[in-house]
Asks: 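Quick one: the structure is below, questions incoming.
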Amino acid sequence: MHHVSSFVPKSYILHAFAVTGLAAMLLAGCSGDESTGGNHAAKVSSAQPSSPVHSTEEESRAGIQNNSTAQSAGNSAAAVDEQPSTVFYEIFVRSFYDSNGDGIGDLQGVTEKLDYLNDGDPQTHDDLGVGGIWLMPFNPSPSYHGYDVTDYRSINPDYGTLEDMQTLIREAHKRGIKVIMDLVVNHTSKAHPWFVDSAKNPGSKYRDWYIWAEDQSRPVTGTSAAGSGSPWHTLRGSHYMGTFWEGMPDLNFDNPEVRSEMKSIGTYWLELGVDGFRLDAAKHIYEDLLSDKSTATTAKNVAWWQEFRAAMNEVNPQAYIVGEIWENSAVSVGAYLNQAFDSGFNFGLAETLIHSAQTEKDSGAAFTLERTYKLYSQISGGAFTDAIFLTNHDQNRVMSQLDDQPDHAAMAAAMLLTLPGNPFIYYGEEIGLLGVKPDEGIREPMKWTADGLSAGQTSWEPGRNNAANPGTDVESQQQLSDSLLERYRELIRLREEVPALRDGGIRDYPSGNGGIMAYERMTAGQQLLVIHNLTGSAQTMQLHPGTDGSIYSGILRTVGGKAGLSSSGLTLPAYTTVILESKSE
């Protein structure tokens, strides 16, 4: 196992134990499990994340929800913990848009399609309206996915040039779009010059940049914490650590030169205008083996990312940093929100939302989030923003998980885009692209036209999952007022127009109906009630005062159908979302 090195403050380790105690108090009774997901971004393995533990309203919230109204009568409203947010769009450059006809998407292609994402004019309604894009790896790499980098300061020639990147950033900023990039520092490519020299020459300056068992007197044993079997791989009579795959040798972050170089790389891209980073495999910097899983290892990981964050702050204190911490445990994710990351991806919530859409049942997401955010606020001093999503490039696509049911996909989108935090949309999610593993199948070409033959259409991958999937393209859906694409556009506009949806905190609101999910969203100046009918039939629910006694007496907006509000209650058509405004008693 790794040991905590001298650059980890002892006070931080003590703080980590204290946070665990706080979490036990705050999260008692929350749904969700403590297991980890085993997949990494580049995955050779096709294993699926572990199934979540789902709870019904009766099971997970009984005794707490039933007493909520009585409790609220004697309590003053809790302080509002706002999360100013924007919607991000994840782009696999290779699959998005091809500007030069070689079948491979590129940076110029992304620039050409910026107006599809956000044209910069809030008066137009034919763009998605996102406020940020996450570019999956665009550095040189021998692999199609790019998660094994050979040069951290260059652009993959398939994607263009550094000038193309600068143009993309400039044009995105004109439209109010932030650009964050995938930064893969846990490991390099086996073909990276550092590793080539390290393997060839035991006296190389780069030898200690990697983890060689013989050099460090480490036993060649153990199981990878990333679920890929043995992390040890043989080369030239020695064994090196490759937690995910033999083609991805792990860097040795106990070496201060490695840490210094990675901070230099981060500041390089910020100085070029990038607005932040999505940090790949963030928890695996020191968590190499299953036996490494411990509070001390987490503390060591966090201490490194705090060091990284401090270096980035010297260039851009507003840089947005979101980490891939593939955990369903709020405690595990929360540790990284202490002066390291702005956000950690909420994998547990993603599973819960898809499960709710699929089963047409409320699975207690708001109840869990309200309590989780109390923990995150304590750890971060109120400075966190959740990173919420449905699926990403490592998981079977939403529409495939929902058995190609458009109504379920629309409700999954409605839940995602009315919750706190920065929602991340995986490219093609908004048109219902299908996709199942292996990984190439969930990263297929974006479909722009019905025939798939238009200029700009990428063709590096045949797109088998979507070959016989008519209507799953931008051209077709732009012509339909009830398309999934139009639903995404409507929901994003609604989110941007309504402050409490965009920036507000959340409180659970027991609906008394298992087919309805309801929660309050609030900023200091606005309070709303969001109600989703997840089912395929009309539902009625009785309204009751909110946690602070607020009365919800007016419909601000409906999405999907026309709701009715009367003294007898609220009636919601099938698959409909209603936003109600409050009036204080």
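Throughout, residue positions are numbered sequentially from 1 according to the sequence presented.
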Asks: Give a yes or no on this: more than 12 heavy atoms of other residues, nucleotides or ligands lie within 6.0 Å of atom CZ of Arg153.
Replies: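 Counting neighbours around CZ of Arg153, more than 12 heavy atoms of other residues, nucleotides or ligands fall under 6.0 Å, so yes.
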Asks: Using the rule side-chain contact (heavy atoms from CB on, under 4.5 Å), only one of Asn392, Val333, Thr352, Ile325 pairs with Phe347; which is it?
Replies: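 Of Asn392, Val333, Thr352, Ile325, side-chain contact (heavy atoms from CB on, under 4.5 Å) with Phe347 is met by Asn392 alone.
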Asks: Return the minimal non-hydrogen interatomic distance between Ala282 and Trp305, and the atom names on each side.
Replies: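 Shortest heavy-atom contact: O-NE1, 2.9 Å.
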Asks: Between Arg495 and Ser85, is any side-chain donor less than 3.5 angstrom from a side-chain acceptor?
Replies: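 Per modelled atom types, Arg495 and Ser85 side chains form a pair under 3.5 Å.
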Asks: Show the nearest heavy-atom pair for residues Gly421 and Pro423, with the distance to one decimal.
Replies: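 Result for this residue pair: O-CD, 3.1 Å.
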Asks: Check ring-ring contact (aromatic ring centres under 6.0 Å, His included) between Phe345 and all other residues, then give those that pass, not counting sequence neighbours.
Replies: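 Expected list: Trp134, Phe389, Phe424.
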Asks: Using the ring of Phe341 (Phe, Tyr or Trp, six-membered ring only), decide whether Arg278 places NZ or CZ under 6.0 Å from its centre and within 45 degrees of its axis.
Replies: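 Because its charged atom misses either the 6.0 Å distance or the 45° angle limit, Arg278 does not stack over Phe341.
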Asks: Do Met415 and Leu390 come within less than 4.5 Å of each other through their side chains, counting heavy atoms only?
Replies: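 In short, these two side chains do not touch, never coming nearer than 4.5 Å.
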Asks: Given 3.5 Å as the limit, does a donor-acceptor pair link the side chain of Asp275 with the main chain of Ile180, or not?
Replies: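 A pair under 3.5 Å: no.
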Asks: Tell me yes or no: between the side chains of Asp164 and Tyr159, is some donor less than 3.5 Å from an acceptor?
Replies: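 No.
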Asks: Quick one: pull up CD in Gln108 and CG in Asp98 and give me the separation to the nearest 0.5 Å.
Replies: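 If I round to the nearest 0.5 Å, the distance is 10.5 Å.
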Asks: Within the 3.5 Å criterion, strictly below it, is a donor on His532 or Ser356 matched to an acceptor on the partner's side chain?
Replies: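 Side chains of His532 and Ser356: no pair found under 3.5 Å.
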Asks: Looking at Asp439 and Lys437, does any basic side-chain N land under 4.0 Å from a carboxylate oxygen?
Replies: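 Salt bridge: yes.
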Asks: What distance separates Tyr97 OH from Asp106 CG, expressed to the nearest 0.5 Å?
Replies: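 Rounded to the nearest 0.5 Å, the OH-CG separation comes to 10.0 Å.
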Asks: Using the side chain to side chain contact (heavy atoms under 4.5 Å, CB included) rule, take Asn186 and Asp280 through it: C-alpha gap first, then chi angles, then the decisive distance, then the call.
Replies: CA-CA 7 Å; Asn186 177 74; Asp280 182 66; 5.6 Å; no
Asks: Do Thr385 and Asn422 meet the criterion of a side-chain donor-acceptor pair at a distance under 3.5 Å?
Replies: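 Note: Thr385 and Asn422 side chains miss the donor-acceptor criterion.
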Asks: For side chain to side chain contact (heavy atoms under 4.5 Å, CB included), just list the numbers for Arg489 and His125, CA-CA rounded to whole Å, side-chain angles, deciding distance to a tenth of an Å, and then say yes or no.
Replies: CA-CA 7 Å; Arg489 288 171 171 170; His125 292 166; over 6 Å; no
Asks: Quick one: are Asp148 and Lys190 in side-chain contact, heavy atoms under 4.5 Å?
Replies: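 Not in contact.
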Asks: Give the minimum heavy-atom separation between Ala225 and Thr243, together with the two atoms involved.
Replies: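 Smallest interatomic distance, heavy atoms only, reads N-CG2, 4.4 Å.
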Asks: Which pairs count as side chain to side chain donor-acceptor pair (under 3.5 Å) when at least one residue sits in residues 401-411, sequence neighbours excluded?
Replies: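 Listed once each, the pairs are Glu360-His408.
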Asks: Are any side-chain N or O atoms of Arg521 and backbone N or O atoms of Val530, one a donor and one an acceptor, separated by less than 3.5 Å?
Replies: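 No, the answer is negative, given that no donor and acceptor are paired below the 3.5 Å cut-off.
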Asks: Please check: side-chain N/O of Glu271 versus main-chain N/O of Trp269, any donor-acceptor pairing under 3.5 Å?
Replies: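 No, the answer is negative, given that no donor and acceptor are paired below the 3.5 Å cut-off.
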Asks: Quick check: closest heavy atoms across Leu402 and Ala357, and the distance to 0.1 Å?
Replies: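 Here Leu402 and Ala357 meet closest at CD2-CB, 4.2 Å.
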Asks: So if I apply the ring pair (Phe, Tyr, Trp, His ring centres under 6.0 Å) rule between Trp209 and each of Phe195, Tyr240, Trp194, Phe253, which one comes out positive?
Replies: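 Checked Phe195, Tyr240, Trp194, Phe253 against Trp209; only one passes ring pair (Phe, Tyr, Trp, His ring centres under 6.0 Å): Trp194.
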Asks: Under a 3.5 Å distance rule, please check whether Asn139 uses its side chain to pair with a backbone N or O of Ser154 as donor and acceptor.
Replies: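 Between the backbone of Ser154 and the side chain of Asn139 there is a qualifying donor-acceptor contact (under 3.5 Å).
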Asks: Under 3.5 Å, side chain of Gln477 to main-chain N/O of Gly471, donor-acceptor pair present?
Replies: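 Side chain of Gln477 to backbone of Gly471, a donor-acceptor pair under 3.5 Å: yes, one is there.
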Asks: Any carboxylate oxygen within less than 4.0 angstrom of a Lys/Arg side-chain nitrogen, looking at Glu429 and Arg487?
Replies: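 Salt bridge between Glu429 and Arg487, a charged N being under 4.0 Å from a carboxylate O: no.
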Asks: Under a 4.5 Å cut-off applied to non-hydrogen side-chain atoms, are Val436 and Ser400 in contact?
Replies: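 Yes, at least one pair of side-chain atoms sits under 4.5 Å.
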Asks: Is Arg443 paired with Glu461 through a side-chain N to carboxylate O contact shorter than 4.0 Å?
Replies: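 Salt bridge between Glu461 and Arg443, a charged N being under 4.0 Å from a carboxylate O: no.
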Asks: Is any side-chain heavy atom of Val185 closer than 4.5 Å to one of Val149?
Replies: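 In short, these two side chains do not touch, never coming nearer than 4.5 Å.
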Asks: State plainly whether the residues Arg170 and Glu163 are in salt-bridge range, i.e. N to O under 4.0 Å.
Replies: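 Between Glu163 and Arg170 there is no salt bridge, as every charged N stays at least 4.0 Å from the carboxylate O atoms.
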Asks: Does one side chain, of His393 or Tyr147, offer a donor that lies under 3.5 Å from an acceptor on the other?
Replies: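 A pair is found: one side chain offers a donor N or O, the other an acceptor, under 3.5 Å apart.
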Asks: With a 4.5 Å limit on heavy-atom distance, are the side chains of Val184 and Pro137 in contact?
Replies: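 Heavy-atom side-chain distance check passes, below 4.5 Å.
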Asks: For Tyr268 and Tyr152, I'd like to know if the aromatic rings sit close, meaning centre-to-centre distance below 6.0 Å.
Replies: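 No - the distance between ring centres of Tyr268 and Tyr152 does not fall below the 6.0 Å cut-off.
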Asks: His187 vs Met241, test: side chain to side chain contact (heavy atoms under 4.5 Å, CB included). Steps then yes/no.
Replies: CA-CA 10 Å; His187 50 262; Met241 175 76 76; over 6 Å; no
Asks: Nearest heavy-atom pair of Leu270 and Gly276: which atoms, and what distance?
Replies: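 Looking at all heavy atoms of both residues, the closest pair is CD2-N, 4.0 Å.
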Asks: Of all the heavy-atom pairs spanning Ile442 and Asp394, show the shortest one and how long it is.
Replies: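 Heavy-atom minimum between the residues: CD1-C, 3.6 Å.
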Asks: Heavy atoms, side chains only, cut-off 4.5 Å: are Leu183 and Phe308 in contact?
Replies: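 Yes - at least one pair of side-chain heavy atoms lies under 4.5 Å apart.
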Asks: Answer yes or no: is there a donor N or O on one side and an acceptor on the other, between the side chain of Asp119 and the main chain of Asp121, under 3.5 Å?
Replies: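 Yes, Asp119 side chain to Asp121 backbone: donor-acceptor pair under 3.5 Å.
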Asks: Under 4.0 Å between a Lys/Arg side-chain N and an Asp/Glu carboxylate O for Arg175 and Asp115?
Replies: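 Yes.
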Asks: At what distance, to the nearest 0.5 angstrom, does OH of Tyr426 lie from OH of Tyr89?
Replies: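 That separation rounds to 10.0 Å.
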Asks: How far does CG of Leu349 sit from OG1 of Thr368, to the nearest 0.5 angstrom?
Replies: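 It is 9.0 Å, given to the nearest 0.5 Å.
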Asks: Which distance, rounded to the nearest 0.5 Å, do you find between the CG of Asn533 and the OG1 of Thr558?
Replies: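 These two atoms lie 12.5 Å from each other.
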Asks: Just do the side chain to side chain contact (heavy atoms under 4.5 Å, CB included) check on Ile265 and Glu261 with the steps written out, would you?
Replies: CA-CA 6 Å; Ile265 288 164; Glu261 177 63 14; 3.7 Å; yes
Asks: What distance separates Asp182 CG from Met136 CE, expressed to the nearest 0.5 Å?
Replies: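 With rounding to 0.5 Å, CG (Asp182) is 6.5 Å from CE (Met136).
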Asks: Check for a donor-acceptor pair, side chain of Thr111 on one end and backbone N or O of Leu107 on the other, with a separation under 3.5 Å.
Replies: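 Present.
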Asks: Could you tell me whether the side chain of Thr458 and the main chain of Trp460 form a donor-acceptor pair under 3.5 Å?
Replies: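 A pair under 3.5 Å: no.
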Asks: Sub-3.5 Å donor-acceptor pair from the side chain of Asn346 to the main-chain atoms of Ile388, do we have one?
Replies: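 No, because the side chain of Asn346 does not come within donor-acceptor range (under 3.5 Å) of the backbone of Ile388.
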Asks: Hey, does the side chain of Gln457 reach the backbone of Met446 with a donor-acceptor pair shorter than 3.5 angstrom?
Replies: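 Checked: pair present.
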Asks: Quick check: do Phe96 and Glu112 have side-chain heavy atoms less than 4.5 Å from each other?
Replies: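 No, too far: nothing below the 4.5 Å cut-off.
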Asks: With a sphere of 6.0 Å drawn around CD of Glu171, does it hold more than 12 non-hydrogen atoms of other residues, nucleotides or ligands?
Replies: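 Atom CD in Glu171 is crowded, with more than 12 foreign heavy atoms closer than 6.0 Å.
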Asks: Would you say Tyr116 and Leu128 make side-chain contact, with heavy atoms under 4.5 Å?
Replies: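 With C-beta onward as the side chain, the pair touches.
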